[in-house]
Each structure stands twice: as structure tokens, then as C-alpha cells.
Number of protein chains: 2
Amino acid sequence: MVQMRPRVSVEQVEEGEELAPKFDEQGLIACITTDAKNGEVLMLGYMNREALEKTIQTGEAHYWSRSRQTLWHKGASSGLVQTVEEMRIDDDQDAVLLRVRVAGSGASCHVGYYSCFYRQVPVGAAHRKGQKLVFIESTKTFDPQDVYGDAPNPTVL
Amino acid sequence: MVQMRPRVSVEQVEEGEELAPKFDEQGLIACITTDAKNGEVLMLGYMNREALEKTIQTGEAHYWSRSRQTLWHKGASSGLVQTVEEMRIDDDQDAVLLRVRVAGSGASCHVGYYSCFYRQVPVGAAHRKGQKLVFIESTKTFDPQDVYGDAPNPTVL
């Protein structure tokens, strides 16, 4: 069983050794996932209490799919399972950080790219020259059609 | 002016060159901030439209403070200004990634640590041996009392 404590004081939450996560109104906590191999940020996901528990217990990343409204064992359909090398929690315990090893092609993005963050937004001086997003990954690591078939796209407009 | 487009199709959002961010019901988009120096994750913040615009225009990180309900120019009171080296946006454009250079001591956490993610959560085999959080930063980079004085602590229980 994963022990999660009620939040009783700022000192407990910020300086203590107890897991006392803050879930938002939807019952979710944000989760940043990075590649343990090189530190690259792969994705930002969300966990409900069950997903957080299962991740801690199994050592494989589980999320809450907001588009499908279901527990999501990452890689169950794609094979791109994420094995957790390290989990961290932040100061006020409302965000989690995972460092993972990714199975298969090593990709994490449902569009087929390695990282979900495959486009740059021009900022500052670059922004004043042009506002188009810039692709920093030029090729997909897999074909989503091969991996997901006719499963509905999770992107919500 | 920062051009932000209405979201009209999955293809536009995922594969296009237009910035078409998705703000949640509170009008916020999540922002992962990493240290450009070494790739370490420093914090997870949130931006409203104005904070995103100001970050893009000025090249310095602006957030929305959920605890204070106000626009937050990071470093305005602490001196720990974050200069943006790169901004990225994710596949469905509901999360932003910043790679920043941090002024002053280089810290980003209001508790005084370098990163907000200064504690590990034991996972898998380690979890079965014990559930206490493990501090991975042993010393604070600054004294919050010196930097923030009597300003209210932003952690919400």
C-alpha cells in the first residue's frame, strides 16, 4: 500500500519526509517525464491517485488519460513502456517528475516524434523576426498508423 | 503582438507552424522550466495568456501565480530572473517547455533549494523497503527569509 498523508502544515509538505500530494479539483497531479538517458523532457502527463500508486508500486509509468478518461499504462498498446529510474516530487507536492527508460523505439509522443516537445516557439529577438513554430525533430521515430491503428487521436481541440 | 490562433483541426495543432495554445478552464497552460546549463528540471509553473505573451515578447519568464492570483515576473522580488534560451510547445499545445538561464544564485525554488524537485519518492523495489521521501539536495542555496522577508509562503495546503 502506498501511504499518502493528509496535508497538515507547510513545513510538513515542504520540508518533511512524508508523501502528501495535492490533487487538483479533477483529482489530478501533473507529471513531467524525462528521458533518463539524456535528461530530455519527453512529455507532460497527469496522474490520479490510482495512477500515482501504480507507478510507485510497479515502477512503470501510469497516467490518467484526460481525453479517454481512463487509467493509462503507458506503452500498453504501443510497446513504448516507461520504466521509472527515479521519481521526484516538488516543494508544495503538486507536481511529480519521472526519469524513465523507454522501451522499443524510445519515443514518447503519440504523433510519432521522440519527444512531445518537437517544436520551438520563437522568443524575444527571434519573435520579432517571425512567429512561425520551428520543428526541431525532422523525422518521426514511428508511424502512428502502424502503432495505434484506428484508435482515436487523444488531442482535444 | 503575439499571434495565437483559434484551434481548428488536429493537424493544425499537432503538425502546423501556428501557435494555437490550449488554456484550461482557469485560463492556464502548464510550463516546465529547465536549466539551460545542465537540463535539470527546475520547476513546474502555469501561465495565463498574458504571461505567455510577456514571456515571448520579453524573453524573460513570466508565470501566473495561482496562490497570489497575479501575473508573476519570476525574479522580480528575489533577483532570480529567468532568461529564456528556448521555448517549446508540445504536440497538442497544452504545455510549454522553457530552457532558461537563471540570474543570481541560479536557484528557482522559493524554499531555498536549487530545484523545486529536491526530494525523491521511492519507487518499485525501493518502495517496498521504505516510503520516506529522500532529500537529494542537502543545503539551501539561499535563505528564503533574507530574500522574501515576510512575504506570504505560496504553498497552499
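Convention: sequence-line order gives letters A, B, ...; per-chain numbering from 1.
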Got L97(A) and Q120(B) here, is their nearest side-chain heavy-atom distance under 4.5 Å?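 A side-chain contact is absent here, since even the closest heavy-atom pair is not under 4.5 Å.
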Contact between E86(B) and V121(A) at the side-chain level, heavy atoms closer than 4.5 Å - yes or no?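 Side chain of E86(B) against side chain of V121(A), heavy atoms only: no contact under 4.5 Å found.
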Do you know the tightest heavy-atom contact between C109(B) and D91(A)? SG-OD2, 3.3 Å
Looking at F117(B) and A95(A), what are the two nearest heavy atoms and their distance? CE2-O, 3.6 Å
Under the side chain to side chain contact (heavy atoms under 4.5 Å, CB included) rule, what do Q93(B) and L133(A) come out as? Steps first, then yes or no, please. CA-CA 11 Å; Q93(B) 300 204 30; L133(A) 304 183; 3.8 Å; yes
Measure V8(B) against the heavy atoms of chain A and call it side chain, backbone, both or neither at under 4.5 Å.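 For V8(B), the backbone is the part near chain A, not the side chain.
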Is it the side chain or the backbone of V96(B) that comes within 4.5 Å of chain A heavy atoms, both, or neither?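 Just the backbone, heavy atoms under 4.5 Å.
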Can you tell which part of [X] gets under 4.5 Å to a heavy atom of chain B, answering side chain, backbone, both or neither?
X       : answer
E25(A)  : side chain
P122(A) : backbone
E18(A)  : backbone
M1(A)   : backbone
K140(A) : side chain
T34(A)  : side chain
K22(A)  : side chain

For the candidates [options], which exhibits the highest count of non-hydrogen atom pairs separated by less than 4.5 Å from chain B?
options                          : value
A125(A), G16(A), G39(A)          : G16(A)
V134(A), N38(A), T55(A), V156(A) : V156(A)
Q12(A), Q131(A), M43(A), E85(A)  : Q131(A)
G124(A), G59(A), A30(A), C116(A) : C116(A)

Verdict with reasoning, R88(B) to E40(A), per salt bridge (Lys or Arg N to Asp or Glu O under 4.0 Å): CA-CA 12 Å; R88(B) 296 191 204 164; E40(A) 284 288 314; 3.6 Å; yes
Nearest 0.5 angstrom please: [X] [atom1] to [Y] [atom2], how far?
X      : Y       : atom1 : atom2 : result
D90(A) : L42(B)  : CG    : CG    : 12.0 Å
L44(A) : C31(B)  : CG    : SG    : 10.0 Å
S67(B) : D92(A)  : OG    : CG    : 8.5 Å
E15(A) : R119(B) : CD    : CZ    : 7.5 Å

Hydrophobic clusters here meaning ILVMFWY residues chained together by side-chain heavy-atom distances under 4.5 Å, can you tell me if [X] and [Y] are in one?
X       : Y       : value
M87(A)  : I32(B)  : no
L98(B)  : V102(B) : yes
M4(B)   : V13(B)  : no
Y113(B) : L19(A)  : no
L52(A)  : V2(A)   : yes

Would you mind telling me which of E11(B), E14(B), R7(B) makes a side-chain hydrogen bond (donor to acceptor under 3.5 Å, both in side chains) with T155(A)? E14(B)
Decide, yes or no, whether a salt bridge links D94(A) with R66(B) under the criterion of side-chain N to carboxylate O below 4.0 Å.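 Looking at D94(A) and R66(B), the cut-off is met.
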